[in-house]
Amino acid sequence: MSSPQSRPARADTLVVLDFETTGLSPNQGDRAIEIGAVLIEQGVITASYQQLMNPGFSIGNFIEQFTGISNGMLACAPNCAQVMAEFADFIGDHNLVAHNASFDRRFLDAELARLRRNYSGEFCCSMLLARRLYPQAANHKLASLVSFKGLAHDGVFHRALADAKMTAELWLAMLRDLEELHGLKAPSFQLLQQISTSTKAALPRLLRAQAVGR
DNA sequence: TGCCAGGCCCTCTTTAGGGCCTT
């Protein structure tokens with residue numbers, strides 16, 4: 001439940017996060033094995049967090065190959081409870097962004113529920129926003145969008161901090177495009193949530209209304 | 001018993017089906 005706020009949250013001050021996991025569904029017993037995140041404050045990345053975590057069982061070969069995270073690497077990592085308690089402190093009460101946020105939100109909720117911890121920020125999905133802003137992109141996978149926007153990256157994919165940094169750069173690029181192409185300077189986080197979940201048909205009217213209202 | 005993700009969007013839809021995206 002959102003608490004009353006005196007003014008809308010900024011869209012350039014939030015935490016961008018990414019989980020690597022043992023599979024696709026915490027409801028099927030999957031667990032987080034790595035969390036990576038960056039804090040963006042007023043459009044600048046000011047802090048980062050990355051930690052492997054031991055899920056308590058061996059991960060499958062597919063995940064080892066997919067992420068480059070091995071069972072050997074996880075054997076000496078702290079357990080999920082230790083890491084997620086620390087990470088809950090990192091995110092604080094910031095709003096949150098992730099690429100395909102419904103996935104990361106499920107794992108964040110599941111891991112924090114085990115600790116009886118909670119968080120007050122709201123999620124916005126960079127993938128849904130990119131679908132609205134860049135319908136001409138070949139697809140809306142994170143790596144494809146990074147290439148589509150010509151964003152700098154270090155060639156590492158499917159590791160939590162690397163993906164969180166790329167998502168953050170994509171998010172900042174979308175903020176720039178909203179200002180340059182649509183006249184939306186310093187949009188609120190709530191407006192970006194609204195844009196990301198609007199229908200394709202409703203988007204032009206929404207953007208016009210925001211531009212006119214300024 | 002048999003199956004096994006789930007949320008979101010799009011479309012010749014809406015009493016539905018299929019594709020995308022995340023690991």
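Each chain gets a letter, A, B and so on, in the order its sequence line appears, and its residues count up from 1.
Contact annotation for A:Thr22: no contact, since no heavy-atom pair falls under 4.0 Å across all strands. Looking at heavy-atom distances under 4.0 Å, A:Gln28 makes contact with a base. Within 4.0 Å of A:Phe62, counting heavy atoms only, lies at least one base atom of the nucleic acid. A:Leu142 comes within 4.0 angstrom of the backbone, heavy atoms only, and of no base.
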TODO: I would like to know whether A:Leu178 and A:Ile195 meet side-chain contact (heavy atoms from CB on, under 4.5 Å); could you show each step before the answer?
DONE: CA-CA 11 Å; A:Leu178 279 167; A:Ile195 293 172; 4.3 Å; yes
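Counting to the nearest Å, the C1' atom of B:dT23 and the CG atom of A:Asn61 are 14 Å from each other. If you measure from atom CZ of A:Arg131 to atom P of B:dC8, you get 11 Å, rounded to the nearest angstrom. The separation between A:Asp104 atom CG and B:dG6 atom C1' is 13 Å, rounded to whole Å. Computed from coordinates, the A:Leu24 CG to B:dC21 C1' distance equals 10 Å when rounded to whole Å. Look at CG on A:Asp109: it is 13 Å from C1' on B:dG7, rounded to the nearest Å. Counting to the nearest Å, the P atom of B:dC9 and the CG atom of A:Asn139 are 18 Å from each other. Atom CD1 of A:Ile35 is separated from atom P of B:dT23 by 11 Å (rounded to the nearest Å). Between the C1' atom of B:dT22 and the CG atom of A:Leu145 lies a distance of 13 Å, rounded to the nearest Å.
For A:Lys200, there are no salt bridge (charged side-chain N to carboxylate O under 4.0 Å, His left out) partners at least two apart in sequence or on another chain. For A:Arg176, there are no salt bridge (charged side-chain N to carboxylate O under 4.0 Å, His left out) partners, not counting sequence neighbours.
Salt-bridge check for A:Lys149 with A:Asp177: passed, with a basic side-chain N closer than 4.0 Å to an acidic carboxylate O. Under 4.0 Å is where a charged nitrogen must lie from a carboxylate oxygen, and between A:Glu34 and A:Arg159 at least one such pair does.
Residue A:Met127 has its side chain nearest to B:dC21 when only B:dT23, B:dC21, B:dC8 are considered. Checking B:dT22, B:dG6, B:dT23 against the side-chain heavy atoms of A:Asn27 singles out B:dG6 as nearest. Of the candidates B:dT23, B:dC10, B:dT22, B:dT22 carries the atom nearest the A:Asn100 side chain, counting heavy atoms from C-beta on. Checked against B:dA5, B:dC9, B:dT23, the side chain of A:Arg132 finds its nearest nucleotide in B:dC9. With distances taken from any side-chain atom of A:Ser25 to the nucleotides B:dT22, B:dC20, B:dA5, the minimum falls on B:dA5. When the nucleotides B:dC8, B:dC10, B:dC21 are ranked by their closest atom to the side chain of A:Leu128, B:dC8 comes out on top. Of the candidate nucleotides B:dC21, B:dC10, B:dC4, B:dC10 has the atom lying nearest to any side-chain atom of A:Lys200.
As rounded to the nearest Å, B:dT13 and B:dG18 have C1' atoms that lie 12 Å from one another. Taking the C1' atoms as reference points, B:dT14 lies 14 Å from B:dC9, given to the whole Å. Spacing between B:dC12 and B:dC8 at atom P, rounded to whole Å, works out to 23 Å. Taking the C1' atoms as reference points, B:dA5 lies 11 Å from B:dT23, given to the whole Å.
OP1 or OP2 of B:dC20 has not a single side-chain nitrogen or oxygen of A:His140 nearer than 4.0 Å. The phosphate of B:dC21 (OP1 or OP2) has no side-chain N or O of A:His99 nearer than 4.0 angstrom.
Using a 4.5 Å heavy-atom cutoff, the side chains of A:Val156 and A:Met166 are not in contact.
The 5' end of DNA chain B is approached more closely, in terms of each residue's nearest nucleotide, by A:Arg106 than by the other of A:Asp18 and A:Arg106.
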